[in-house]
Amino acid sequence: MRFVKEADSGFESFVRAPSVEQQAWMREHFFRQKTYAPFFDSRTSWYPNAWSYRDAYAIYGESDPAQRWVLRDSQGRRLYIPWGCQGGSCPQFAADIGDPEFRRWWIDEAIRTLRNGYRGLFIDDVNLWMKVSDGNGTDVAPVDPRTGQPMTDADWRRYMAEFVEQVRAEVKAALPDLEIAHNPIWFAGHTDPYTQRALLAADYIDLERGVSDNFSGGTGPYGLETFFAHVDWLHNHGKAVVYDSYANTKDTAEYNLAAYFLTAEDRDGFRTNYRNTPDDWWSAYNVELGAPTGPRHHWNGLLRRDFQNGYAIVNQPGNPTKTVGNIKLPPASGRVIVTKDRGAAGARPTLVLRAVANPRLAASSRRASAARRRSTALVRGRVIHARGGRVRLVLRRKIGARWRVVRASSTPLKQGKAFRRVFRGLHRGTYRVRARYLPRAGRVTAQRSKHMRIRR
């Protein structure tokens, strides 16, 4: 599972001035972070996998330089994005996405920000249903400045498709390796030609609220199986998805996690609000089910998908409570079941070692002293199928033709299988590290990893 963290104001205390260890933890645990410029501009040096947030057509306040592109109704009144409205106004004015000058300004601003070292661009509100309102949040068809007539839904979809296609073409021309993520409305589907064009202009599609939205069961317009079929369509067209759940309880988080595994492919991401910080990390986010052994399927009234080390099951909304063995699943719930990873009979522990020499900080941090930039190496790994125990790490430096031990340490496995160690005070040179798994007495024989080189 690849966790995507939103670095919003609630997470600011962790990213404002993190230690080297905290920086390494975030790189290890967060597949991507959705971040906000300019605050995060100076932090891409230690976290290079950040997506920079930008709304597709929001204009903020009277001082926003894009005010001249605000859409208006037939009476000339400015219109809004229908979110957070109260007292006759909303926080975000709605821009005319069909205006070439607005597009030019928007793209130039985005590229300027992205050059600060971001991995991707996260575009919010790529709405393929026209969502424009008055200050009370009531839908209003704006006057189309190109026709002088009320803007139609078809024209809105065309403008949005053309806009995000232009964003993709120009951003990729400037930054070829950049990732582009869209947050559209999933139930707009994928059958309309303009909707398809907009979806295909992204690398990642954000599925806002995951499966915590107001779903029904089955294959209706808002059915859970319709949602999964939409994910299948995106995968078949080479797009990855992010289950961007707002879940904030254990049960809703596991429901979303199980749903994620029912459709997950290699690049997909996952997010909840439940226990997702460095000082409060839910161990279920570390689950390793292995490769899928087949597609999702109906099973005992549930949806199920099997993996090498377990399976995921979901009971759809509107269904009666299902009981399978000692597992009770009420409607709109799910479970991720590990069958081999924890104490499976005959499962041999497999040690996986990784090492990173002073990750990212060495090459990029301008503020770090020369000594600090040369001083750190992160060693981490897992012992798959472990049932407790420790890992002993031995770090050697090449001096002449010989390898000499410079550090050795023993560390317990976290959550029964993961380990990490930061070595400090290393001089420039060539190092290698080797790990040895030391199981609890009488369980299985010890095993060693191959040497891994670290060049400083």
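Atom set for the values below is all heavy atoms of this structure, side chains included, hydrogens, waters and symmetry mates excluded.
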Determine, step by step, whether His230 and Glu225 satisfy the side-chain hydrogen bond (donor to acceptor under 3.5 Å, both in side chains) criterion, reporting the C-alpha distance in whole Å, the side-chain angles of both residues, the deciding distance to 0.1 Å, and the verdict. CA-CA 9 Å; His230 181 61; Glu225 292 186 66; over 6 Å; no
Do Asp268 and Lys239 meet the salt-bridge criterion of a basic N to acidic O distance under 4.0 Å? no
Between Pro292 and Phe307, is there a side-chain heavy-atom distance shorter than 4.5 Å? yes
How close do Thr411 and Arg420 get, heavy atom to heavy atom, and via which atoms? OG1-O, 4.2 Å
With a 4.5 Å limit on heavy-atom distance, are the side chains of Arg54 and Leu121 in contact? yes
Is the shortest heavy-atom distance from the side chain of Leu199 to the side chain of Gln196 under 4.5 Å? no
Does Ile205 reach the side chain of Val242, with side-chain heavy atoms less than 4.5 Å apart? no
Could you tell me whether Glu165 and Arg168 have a side-chain N and a carboxylate O separated by less than 4.0 Å? no
Are the side chains of Trp51 and Thr35 in touch, meaning some heavy atoms are under 4.5 Å apart? no
I'd like to know whether Glu6 forms a side-chain hydrogen bond (donor to acceptor under 3.5 Å, both in side chains) with Tyr53, so could you lay out the CA-CA distance, the side-chain angles of the two residues, the decisive distance to 0.1 Å, and finally the verdict. CA-CA 10 Å; Glu6 181 168 9; Tyr53 175 97; over 6 Å; no
Just how far is it from atom CZ of Arg396 to atom CZ of Arg434, taken to the nearest 0.5 Å? 7.5 Å
Does the ring of Tyr274 carry Lys250 above it, NZ/CZ under 6.0 angstrom from centre and within 45° of its axis? no
Mark yes when over 12 heavy atoms from residues, nucleotides or ligands other than Lys322 sit less than 6.0 Å from its NZ; otherwise mark no. yes
Can you tell if the side chain of Thr226 reaches within under 4.5 Å of the side chain of Phe187, non-hydrogen atoms only? no
Side chains of Ser52 and Phe122: closer than 4.5 Å at any heavy-atom pair? no
Does a donor on one side chain and an acceptor on the other come within less than 3.5 Å for Glu208 and Tyr246? yes
Between Phe228 and Trp233, is the ring centre distance below 6.0 Å? no
Are Glu170 and Arg104 close enough for a salt bridge, meaning some N to O gap below 4.0 Å? yes
For Tyr36 and Phe39, run ring-ring contact (aromatic ring centres under 6.0 Å, His included): C-alpha distance rounded to whole Å, both residues' side-chain angles, the deciding distance at 0.1 Å, then the answer. CA-CA 6 Å; Tyr36 298 85; Phe39 174 81; 9.5 Å; no
Electrostatic pair Glu162:Arg103 at N-O distance under 4.0 angstrom: yes
Using a strict 4.0 Å threshold on nitrogen-to-oxygen distance, state whether Asp41 and Arg115 make a salt bridge. no
Could you walk me through whether Asp125 and Ile81 pass the side chain to side chain contact (heavy atoms under 4.5 Å, CB included) test, one step at a time? CA-CA 9 Å; Asp125 287 336; Ile81 295 177; 4.0 Å; yes
Can the ring centres of Phe3 and Trp281 be said to be less than 6.0 Å apart? yes
Go through the steps for Tyr431 and Trp403 under the test ring-ring contact (aromatic ring centres under 6.0 Å, His included), then give the verdict. CA-CA 8 Å; Tyr431 294 79; Trp403 291 94; 8.4 Å; no
Side chains of Leu303 and Gln316 in contact at under 4.5 Å (non-hydrogen atoms): yes
Report, one line per pair, each donor and acceptor closer than 3.5 Å where one atom sits in a side chain of residues 326-336; sequence neighbours left out.
| from | atom 1 | to | atom 2 | distance (Å) |
| --- | --- | --- | --- | --- |
| Ser333 | OG | Pro330 | O | 2.5 |

Checking Ser409 against Arg421 for the side-chain hydrogen bond (donor to acceptor under 3.5 Å, both in side chains) test, could you report, in this order, the C-alpha distance in whole Å, the side-chain angles of both residues, the deciding distance, and whether it holds? CA-CA 8 Å; Ser409 69; Arg421 176 75 163 84; 3.2 Å; yes
